[in-house]
Amino acid sequence: MALRLYNTMSARIEEFHPIRDHEVRMYACGPTVYDYGHIGNFRTFIAVDLLRRFLRQSGYKVHHVMNITDVDDRIIHNSARDGLTVQQYTAKYEKVFLEDAAMIGIEEPILVRATEHIPEMANFVAKLAEKDIAYRADDGSYYFRISKFPAYGRLSKKDFSGILDGARVDTDQYDKDSARDFALWKAPKPGETSWQTQIGPGRPGWHLECSVMSMEELGESFDLHAGGEDLIFPHHENEIAQSESYTGKTFARFWFHARFLLVEGEKMSKSLGNFFTLRDLVLKGYKPSSIRYLLASVPYRNQLNFTFDGLQQAAVSVERLRNFRLRLNAGGFASGKNPAMQSLATETIEKMRAALDDDLNTAQAQAAIFEMVRQANTAFDTGDIKKDDVPPLLAALEKFDEIFAVIHDNDTPKMKQVFDWAIAQGREKDISPELREAAQSEQISDAEIETKIADMKAARAARDFKKSDAIRAELAEAGVVVEITKEGIRWRRK
Ligand code: AMP
Ligand code: ZN
């Protein structure tokens, strides 16, 4: 069965087939690096990450490009306020963004930066001006003439037939519903950072960045373009207008939009006190794996209502999966196999695939793995799991984790990282007792234990018992009991 995805352009669910066999070219609008990312931003980035991982699991080679908006009105304003150059200012927030993304298991896309493509963008504007689609204003800015693009409004389903020719807007954030000629290129105001180009000094508009860089990396027509639902209009509408009037071809075939995240039922806002960056949550002591799990748990087209209750439940769910895996790895099973367990594992893999094929229904995929864990735990207790049932059950967990990426992840070093960052920022008072405890615990992770066990096995295979004993003693010191049995090596924490 093929993946079916909702396409904002056609406003229906369609079978997803890329232009080239076995290869998906996708572009996601990335962050504007002027501040710390909030959990709403990461809801969208995780939705795209889940899609990317599922496409790969489905056998596609995925080219996933994301832009970093490293120049815009806010960046220019804030960098001047802080006495920094635009580059110094954005470098800091880009680094923060990439650390945050890695912390919640987002695989890094191919990154493209606006400020590294300025000449290409100026050239693009020049070409549009030759066709009279772009025009130059008195101050040297360039605008896109919307009246020249009759399909304007097709993505957002807005009717702009009565649009005024020449009415303009020149801020990066503007009215949701007004269609105005938008800035492709902005001439510098006195003292502003700008670039000298073939169309004069200035800087690119936000919409232009995405058009130019996506087509440069992925070609004039590619498979899928993603972002949060707020980007449908005007950002994506403008990207389409620019790109299609430049090439005369379809820009992106699928438009993938994640719905907004709410916090405790309300729009996130600083004034309501319900605005959280990722680091705010880790400072409170929540684990990155719990955050990822929660943000992935609601299908991307449903509104996600973020609550602290939900976050606690997510932590319990992740723990249950990790414990189940440890139980399987502990060994000591009677030989043979139980056909019921064999088919449980196979059916779970099929159910997860069917759920994700159905417009990425992550909630159902999670439900499928928990049903497996529930049934297998019962079988454990009655001795109905046999030695040969372990590999297929583990394989189902692995399939799940290829997408959700919470079981293998080790939270402790990430929490240490946020702890160190808070100290460096002089925010020690914001560190919760829970984070302090997690960051200061010397507890060895499961992954580290398993690495040491593998070393022990290798040492024993080479009959280097001295080395094997030394590792065993080291683990004992870290509170891990190692038992060597005929079945192999087992471990548990004291
Ligand atoms: P920005 O850095 O503001 O350009 O946003 C980066 C990404 O986060 C975009 O794809 C936005 O659509 C998305 N986004 C912003 N706020 C939210 C929210 N509350 N819920 C989900 N996605 C959001
Ligand atoms: Zn974009």
Side-chain angles (χ1 to χ4, degrees), residues 8 26-51 64-75 78 90 93-94 96-98 100-101 104 106 109 111-114 117 121 155-156 172-174 176 182 184 204-218 222 224-243 251-252 255-270 272 274-278 280 291 294-306:
T8 308
M26 61 189 252
Y27 182 88
C29 296
T32 306
V33 282
Y34 74 102
D35 206 344
Y36 289 92
H38 58 66
I39 51 175
N41 300 140
F42 286 107
R43 194 264 155 127
T44 294
F45 295 130
I46 285 181
V48 176
D49 183 65
L50 296 166
L51 173 65
H64 172 196
V65 175
M66 188 176 84
N67 67 307
I68 300 274
T69 299
D70 58 356
V71 57
D72 88 332
D73 291 343
R74 291 166 296 189
I75 289 172
N78 292 3
T90 55
Y93 287 105
E94 178 180 317
V96 164
F97 171 76
L98 295 177
D100 283 359
I104 47 171
I106 292 176
L111 297 174
V112 288
R113 290 172 195 83
H117 294 79
M121 294 183 203
L155 180 72
S156 54
D172 287 331
Q173 292 115 38
Y174 58 99
K176 280 252 166 260
F182 56 88
L184 292 161
W206 172 40
H207 317 301
L208 182 69
E209 277 178 34
C210 285
S211 279
V212 172
M213 296 195 293
S214 61
M215 293 196 295
E216 202 171 281
E217 292 292 324
L218 298 171
F222 52 91
L224 184 139
H225 196 122
E229 62 174 337
D230 59 321
L231 300 189
I232 297 173
F233 183 83
H235 184 54
H236 288 163
E237 200 75 73
N238 290 353
E239 284 189 43
I240 293 169
Q242 295 164 156
S243 301
F251 177 44
W255 289 86
F256 175 98
H257 292 106
R259 275 201 79 183
F260 257 35
L261 169 147
L262 301 180
V263 174
E264 308 279 356
E266 302 203 66
K267 191 167 180 252
M268 203 166 33
S269 87
K270 291 207 165 129
L272 287 173
N274 66 354
F275 182 96
F276 299 110
T277 65
L278 191 61
D280 289 335
I291 302 168
L294 177 60
L295 295 181
S297 64
V298 175
Y300 75 97
R301 280 206 302 133
N302 296 355
Q303 205 152 50
L304 192 161
N305 186 21
F306 179 93

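Start at 1 and go down the list; that is how both ligands and their atoms are numbered. Side-chain atoms are counted along with the backbone in the values below, which use heavy atoms only and exclude waters and symmetry mates.
- A donor-acceptor pair is defined here as one N or O able to donate and one able to accept, closer than 3.5 Å; such a pair exists between the side chain of Asn67 and the backbone of Gly30.
- Residues of the protein with a heavy atom under 4.0 Å from ligand 1 are Pro31, Thr32, His38, Gly40, Asn41, Thr44, Phe45, Gly227, Gly228, Asp230, Leu231, Arg259, Phe260, Leu261, listed by chain and number.
- Ring geometry for Tyr27 against His225 counts as tilted: the plane angle lies between 30° and 60°, on a 0 to 90° scale.
- Below 30°, between 30° and 60°, or above 60°: for Phe222 and Phe251 the angle between ring planes is above 60°, a perpendicular geometry.
- Between the side chains of Glu216 and His117, at least one donor N or O sits under 3.5 Å from an acceptor N or O.
- Here the protein contributes Cys29 SG, Cys210 SG, His235 NE2, Glu239 OE2 as N, O or S atoms under 2.8 Å from the Zn ion (ligand 2).
- Inter-residue side-chain proximity for Val263 and Leu261 is flagged as met; some heavy-atom pair is nearer than 4.5 Å.
- Ring planes of Phe275 and His38: perpendicular class, angle over 60° (limits at 30 and 60°).
- Only one option out of Lys267, Glu264, Glu266 pairs with Asn274 in a side chain to side chain contact (heavy atoms under 4.5 Å, CB included); it is Glu266.
- Taking the six-membered ring where the residue is Trp, Phe45 and Phe97 present perpendicular rings, their angle passing 60° and hence far from 30°.
- Using a 4.5 Å heavy-atom threshold, the side chains of Ser211 and Met121 count as separate.
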